[in-house]
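Below: the structure, in structure tokens.
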Number of protein chains: 2
Amino acid sequence: MTNIREIAKIAGVSIATVSRSLRHPDKVSEKTRQKVIEAMETYEYRPNMMAHNFRSTRSYKLLVLVPNLANPFFATLIRGLEDYAQKRGYSVLLGDTRDEVQNERIYLDLINSKQADGVIQLTPYSPEESLVPDHLPIVGAAGCEGTPYPSVRIDNTEAAKTVTDYLISQGHRRIGVISGLRDNRHTMDRLRGYRQSLEEAGIEFDKSLVIEGEFTMASGQMAANQVLMMDEKPTALFCMNDDMAIAAMQTLKSNGVRVPEDISVAGFDNIEYSKYTDPPLTTIDQPAMEIGRMAAKQLITLIEDGELPQNRFVLPYEFIVRESVRSLT
Amino acid sequence: MTNIREIAKIAGVSIATVSRSLRHPDKVSEKTRQKVIEAMETYEYRPNMMAHNFRSTRSYKLLVLVPNLANPFFATLIRGLEDYAQKRGYSVLLGDTRDEVQNERIYLDLINSKQADGVIQLTPYSPEESLVPDHLPIVGAAGCEGTPYPSVRIDNTEAAKTVTDYLISQGHRRIGVISGLRDNRHTMDRLRGYRQSLEEAGIEFDKSLVIEGEFTMASGQMAANQVLMMDEKPTALFCMNDDMAIAAMQTLKSNGVRVPEDISVAGFDNIEYSKYTDPPLTTIDQPAMEIGRMAAKQLITLIEDGELPQNRFVLPYEFIVRESVRSLT
DNA sequence: GTGAAAGCGCTAACAT
DNA sequence: ATGTTAGCGCTTTCAC
């Protein structure tokens with residue numbers, strides 16, 4: 001258990017100098033610094049970060065609140081986040097909330113008890129449910145419009161409009177939607193884009209075409225079953241994430257409905273699996289890694305500087321055309 | 001910034017009593033304890049865990065080393081892990097190694113610098129590459145046979161044999177394999193099961209039928225392309241994980257090879273997506289959540305007691321028959 | 001440029 | 001059952 005005192009003794013300096021050699025090398029003469037470094041190396045000294053963190057009232061930990069880690073979109077985002085955080089000397093603490101607000105409370109306690117310096121929230125903001133304490137360093141990632149704290153995201157409304165525009169350009173006019181939960185902000189933002197597109201094309205909005213899912217594959221399957229029972233089926237289906245699109249597509253096909261010949265399907269997220277469905281899925285590519293990196297960057301700045309020059313970071317998305325949408329013209 | 005001293009003053013006791021009320025409530029009289037609790041509540045006192053951890057030389061953090069968080073099998077395992085850890089008062093620190101040993105080194109530094117109490121390793125043990133320091137509390141999860149530290153896993157060899165046995169029982173004799181990297185221990189264990197099955201059935205092992213992948217979808221696709229170019233194609237394909245199976249299946253189909261009519265496909269892991277492929281994938285269900293929970297449990301025991309009553313925890317797997325395998329008989 | 005010393009918030013002997 | 005006190009390993013004034 002070699003500590004700072006031992007190194008000081010070996011190097012023949014005071015513990016203050018050892019500390020300075022690490023944290024403020026410029027305040028130590030080149031010669032003594034060398035002596036200290038050498039002592040550290042021969043004794044394989046590793047500063048006790050618990051003491052360091054305690055003393056400097058910084059944990060160098062970022063808490064990420066994720067509704068479902070098993071969704072590869074979130075997992076990929078977190079990979080980016082972690083990659084960046086690591087380069088800045090921060091580690092990431094995982095908080096899988098299972099989409100339950102009460103679980104968030106438990107994790108937020110890590111902040112209060114000083115075990116994390118800030119949080120990255122992957123669940124879109126909900127005014128009713130949010131329990132963000134004041135002055136908590138927090139940034140939203142892949143969130144929604146109107147988040148009251150800094151956030152990094154794409155323009156969900158515009159992206160949804162892009163998808164719908166494309167469906168319409170392919171001759172579809174009866175376009176179904178498999179949405180997330182009605183009061184989820186992603187659902188709202190994306191539905192707005194869908195409706196805008198319809199409106200511009202002069203197609204009347206038909207709410208019976210919107211089926212409520214909850215961003216899970218099981219819900220995508222259920223939604224597809226509802227589509228199967230409709231008398232007048234849509235010719236195309238816009239699913240608000242790839243998980244639901246993948247499940248819906250499979251459900252449709254296993255019930256004898258061909259994709260895209262009978263019903264076209266589009267997704268949202270561009271998780272890797274969407275490239276390997278049959279047919280490969282047309283979808284919106286959210287730059288998951290980049291959103292994660294950027295969110296980490298903003299959070300760390302917020303922690304270290306106490307403020308951000310800018311609060312909204314809207315990243316570009318890409319529309320990926322594959323083979324799950326058929327042209328009607 | 002309300003600290004233990006303030007609470008002591010408010011409650012009219014010493015700081016020792018405040019500390020005891022929290023950590024050893026039985027050593028404090030009911031009456032004073034109530035006073036202390038009340039003071040804590042009215043002042044919303046949250047103990048500074050950085051100080052607590054520092055003082056007790058425990059970080060209450062578990063480091064999980066994962067080769068690729070975007071693989072839902074790992075993500076699901078981690079969910080289980082985290083769920084259990086949380087109940088025991090531990091948090092999980094994420095270390096995505098991108099399957100690079102040198103990245104492991106960076107993360108293991110978190111242990112040396114006392115920022116984590118132990119590690120859960122999700123990459124199977126490799127004698128050549130492993131850099132596990134002595135006396136490091138570590139448990140392997142979803143690892144391989146012969147791991148020199150405690151591990152929680154299924155019997156990979158037996159599971160692979162189960163799959164192959166089934167394929168043979170359906171009349172297949174020319175069974176291809178898409179494996180992981182040749183020197184990966186999962187590849188070795190599972191290949192052994194495959195060969196055992198063949199041997200018992202009196203089928204000669206043909207190494208030209210084994211195509212090396214690397215557990216990624218991209219490699220599954222490449223492997224499938226190799227199968228497509230074979231003169232004498234296998235009638236069935238055993239893929240060593242679902243990601244490769246999913247990619248292979250899609251590649252086969254998009255090249256006009258029907259699954260399972262022309263080639264049967266089986267996977268390994270039973271990630272959720274394998275239920276929604278077309279056709280749904282026959283595969284081995286690894287109890288990911290349960291492996292994660294159990295691994296966390298063992299690691300915490302190891303940390304707190306310094307030893308484990310038992311070092312090998314082999315959990316049951318399940319063979320899931322869906323529709324991607326056809327009977328030849 | 002360097003050292004002496006105080007102290008971060010808490011825990012745990014030790015004393016009463 | 002409760003209080004006094006030393007000290008965990010480190011950072012940072014404050015002197016020199």
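Below, chain A is the first sequence line, B the second, and so on; all start at residue 1.
- Among the protein residues, Ser56(A) comes within range of no part of the nucleic acid, since none of its heavy atoms lies under 4.0 Å from any strand.
- A heavy-atom distance below 4.0 Å to DNA chain C is reached by none of the residues of residues 36-53 of chain A.
- Contacts of Arg5(A) with the nucleic acid, taken as non-hydrogen atoms under 4.0 Å apart, include base atoms.
- Counting to the nearest Å, the C1' atom of dC10(D) and the CD1 atom of Ile4(A) are 6 Å from each other.
- Across all strands, Val18(A) comes closer than 4.0 Å to no nucleic acid atom at all (heavy-atom distances).
- Side-chain contact between Val119(A) and Leu136(A) is present, with at least one heavy-atom pair separated by less than 4.5 Å.
- Closest heavy-atom contact between Ala296(B) and Ala85(B): CB-N, 4.4 Å.
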For nucleotides 13-16 of chain D, print each protein N/O atom paired with a nucleotide N/O atom at under 3.5 Å, atom names and distance only.
none

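- Each end of the helix from dG1(C)-dC16(D) to dT16(C)-dA1(D) yields a helix axis from five base pairs, and these two axes differ in direction by 30° (to the nearest 10 degrees).
- Nearest heavy-atom pair, Leu108(A) versus Pro133(A), reported as atom, atom and distance to 0.1 Å: CD1-CD, 4.3 Å.
- Taking a cutoff of 4.0 Å between a charged side-chain nitrogen and a carboxylate oxygen, Lys35(A) and Glu38(A) do not qualify as a salt bridge.
- The phosphate of dG3(C) (OP1 or OP2) has a side-chain N or O of Ser14(A) nearer than 4.0 angstrom.
- Here the P atom of nucleotide dT2(D) and the NE2 atom of His24(B) are 15 Å apart, to the nearest Å.
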